[in-house]
**Student:** 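Got a structure for you, questions after.
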Amino acid sequence: MRFPELYSISELLRLYGVSACKSLSQNFILDKNVNDKIVRTLGDLKGHTVIEVGSGPGGLTRSILKAGAQKVIAVEIDQRFMPTLRQLRDASFNRLEIIHSDILCWDMAQTLDTIGFIKQDWRVPKLRLIGNLPFGITAPLVKLFMHSVAERKNAWAYARADMTFLFQREVAERMSSNNTSKVSGRLTHLIQRLCSCKLIYKVPREVFVPSPEVDGAVVRIIPQPLPPPKISMKDFVTLSTHLFTFKRKKCLNGLAQLTESKEDALSILKEAGVDGNMRPELLTPNQMEALVTAYYSRLKA
């Protein structure tokens, strides 16, 4: 798709006197080749709506528009970037919708209704999320999105929206872990309970401005077209968080602290088919699900 020539993102930042804000954990990617590469992982965007989380000055936004997305919804909390984003909106013939809001508070459903997005079959996703995420909001944002996937609300009330995000490399490796090492953690189970998660490629810290202390990595998260689990996400988070709070302990010991009874803990582990001598980081998603199910079945009995 042809896109009018504009100032580069670097030139726009200089023009408006804008720099990265440390308190918002901002690290921009100004190299259009890197942004184009990230967008190419989304595949063909023709006919798709793309929600960009934390658009910043619009480098990734520009690549999404150039790739031919039918509609782009750019969500950005920092007022300083509104002028550069408005320039992109005008140049894209209003294919860009700008939302000045905190992503953690933004009403996705209201915006999707406003632009006339039609609810679609979960087997054929036409809605995608993408973003170079500030490292500081990774955990609360992932938790929010996984709750939404489980409950089929927000964007996931409309379509089986997949997510392509740039995370801190260590976090990305943990999310996509296959549960065979100590790399896995609470986020691993939170995501893999409902989604497939794959680390696509690593992004060296040198491409960010300013350069962070760690490398990044692009991760693809795809919700599975399965019925919602019987145990609520809230209950799942409560138990898994407790176990990983004591991740150096055996599952038996961590569970016994919660039940206040070693005998009850042993009974739950037996029902779940989980070896009490295992440590939480070695549990598979299926084992964690079985453990949570057995625990709450016993609690409600």
Side-chain angles (χ1 to χ4, degrees), residues 1-18 20 26 28-103 105-121 124-134 154-166 209 218 220:
M1 176 171 289
R2 295 187 62 185
F3 199 73
E5 287 296 325
L6 296 170
Y7 286 117
S8 70
I9 297 299
S10 299
E11 290 169 334
L12 288 172
L13 289 175
R14 286 196 297 270
L15 179 64
Y16 290 105
V18 178
Q26 291 174 341
F28 310 136
I29 296 179
L30 305 182
D31 187 329
K32 72 178 186 64
N33 294 321
V34 176
N35 284 317
D36 287 347
K37 181 179 179 181
I38 294 171
V39 171
R40 280 197 296 271
T41 65
L42 299 180
D44 184 6
L45 293 182
K46 185 178 180 180
H48 284 65
T49 295
V50 180
I51 297 174
E52 185 187 6
V53 180
S55 53
L60 193 59
T61 317
R62 187 177 298 195
S63 293
I64 300 168
L65 290 166
K66 286 173 63 179
Q70 179 175 307
K71 192 74 174 180
V72 180
I73 303 171
V75 186
E76 176 54 52
I77 191 173
D78 195 335
Q79 175 67 37
R80 300 176 303 157
F81 298 123
M82 294 302 111
T84 64
L85 292 173
R86 283 194 287 268
Q87 285 197 15
L88 289 177
R89 180 188 60 197
D90 296 342
S92 68
F93 306 101
N94 292 320
R95 286 188 294 129
L96 175 62
E97 185 83 17
I98 304 169
I99 306 295
H100 178 219
S101 177
D102 181 346
I103 186 64
C105 304
W106 171 51
D107 189 335
M108 289 186 184
Q110 184 180 44
T111 299
L112 289 170
D113 279 341
T114 299
I115 68 171
F117 188 86
I118 300 173
K119 291 186 178 182
Q120 298 173 354
D121 190 321
V124 188
K126 287 284 187 177
L127 180 64
R128 295 186 166 170
L129 280 76
I130 189 172
N132 171 17
L133 300 184
N154 294 325
W156 294 273
Y158 291 78
R160 186 163 61 96
D162 58 39
M163 296 154 271
T164 301
F165 293 133
L166 182 53
V209 178
V218 175
R220 188 80 178 273

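Side-chain atoms are counted along with the backbone in the values below, which use heavy atoms only and exclude waters and symmetry mates. Count residues from 1 along the sequence.
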**Student:** Which heavy atom of G58 sits nearest a heavy atom of L85, and at what distance?
**Tutor:** CA-CD2, 4.0 Å
**Student:** Quick check: closest heavy atoms across G56 and F81, and the distance to 0.1 Å?
**Tutor:** O-CB, 3.2 Å
**Student:** Sequence neighbours left out, what passes side chain to side chain contact (heavy atoms under 4.5 Å, CB included) with D113? Give chain and number order.
**Tutor:** Y158
**Student:** Write down the atom of A67, the atom of L45, and the distance for their closest heavy-atom approach.
**Tutor:** CB-CD1, 3.8 Å
**Student:** Measure the spacing between CE of M163 and CG of L127 and express it to the nearest 0.5 Å.
**Tutor:** 10.0 Å
**Student:** Who passes side chain to side chain contact (heavy atoms under 4.5 Å, CB included) against T164, sequence neighbours left out?
**Tutor:** T41, L42, I130, V218, R220
**Student:** Side-chain contact test, heavy atoms from C-beta onward, threshold under 4.5 Å: evaluate it for V72 versus L65 and give yes or no.
**Tutor:** yes
**Student:** How long is the span from the CD1 atom in I99 to the CE atom in M108, to the nearest 0.5 Å?
**Tutor:** 11.0 Å
**Student:** Show the nearest heavy-atom pair for residues A161 and L129, with the distance to one decimal.
**Tutor:** CB-CD1, 3.7 Å
**Student:** Measure the spacing between CD1 of I29 and CG of D36 and express it to the nearest 0.5 Å.
**Tutor:** 11.5 Å
**Student:** Just to verify, what does Q79 make a side chain to side chain donor-acceptor pair (under 3.5 Å) with, not counting sequence neighbours?
**Tutor:** H100
**Student:** Taking all atoms of both residues into account, what is the closest heavy-atom pair of T84 and P57, and its distance?
**Tutor:** OG1-O, 3.2 Å
**Student:** If the condition is side chain to side chain donor-acceptor pair (under 3.5 Å), which residues does T49 pass it with, not counting sequence neighbours?
**Tutor:** none
**Student:** Rounded at 0.5 Å granularity, tell me how far OG in S55 sits from CD1 in I77.
**Tutor:** 11.5 Å
**Student:** Only counting residues at least two apart or in another chain, list the ones meeting salt bridge (charged side-chain N to carboxylate O under 4.0 Å, His left out) with R89.
**Tutor:** none
**Student:** Taking N94's backbone N and O only, do any of them form a donor-acceptor pair with K71's side chain (distance below 3.5 Å, no angle check)?
**Tutor:** yes
**Student:** With sequence neighbours excluded, what pairs up with K46 under the side chain to side chain contact (heavy atoms under 4.5 Å, CB included) test?
**Tutor:** D44
**Student:** Of all residues at least two apart in sequence or in a different chain, which pass the side chain to side chain donor-acceptor pair (under 3.5 Å) check with T61?
**Tutor:** E52
**Student:** For I118, does the CD1 atom have more than 12 heavy-atom neighbours from other residues, nucleotides or ligands under 6.0 Å away?
**Tutor:** no
**Student:** Just verifying a value: how many Å separate I64 CD1 and N35 CG, rounded to the nearest 0.5 Å?
**Tutor:** 8.5 Å
**Student:** Kindly say whether L88 contributes a backbone atom to a donor-acceptor pair with the side chain of R62 at under 3.5 angstrom?
**Tutor:** no
**Student:** Of all the heavy-atom pairs spanning A74 and L96, show the shortest one and how long it is.
**Tutor:** CB-CD1, 3.8 Å
**Student:** For N154, give me all partners under side chain to side chain donor-acceptor pair (under 3.5 Å), at least two apart in sequence or on another chain.
**Tutor:** S148
**Student:** Would you please name every residue forming a side chain to side chain contact (heavy atoms under 4.5 Å, CB included) with D107, sequence neighbours left out?
**Tutor:** A109, Q110
**Student:** Once you round to the nearest 0.5 Å, how far does CZ of R40 lie from OG of S63?
**Tutor:** 9.0 Å
**Student:** Go through it in stages, so that I can follow the logic: the residues are F165 and I38, the test is side chain to side chain contact (heavy atoms under 4.5 Å, CB included), and I'd like the CA-CA distance, side-chain angles, deciding distance and then a yes or no.
**Tutor:** CA-CA 9 Å; F165 293 133; I38 294 171; over 6 Å; no
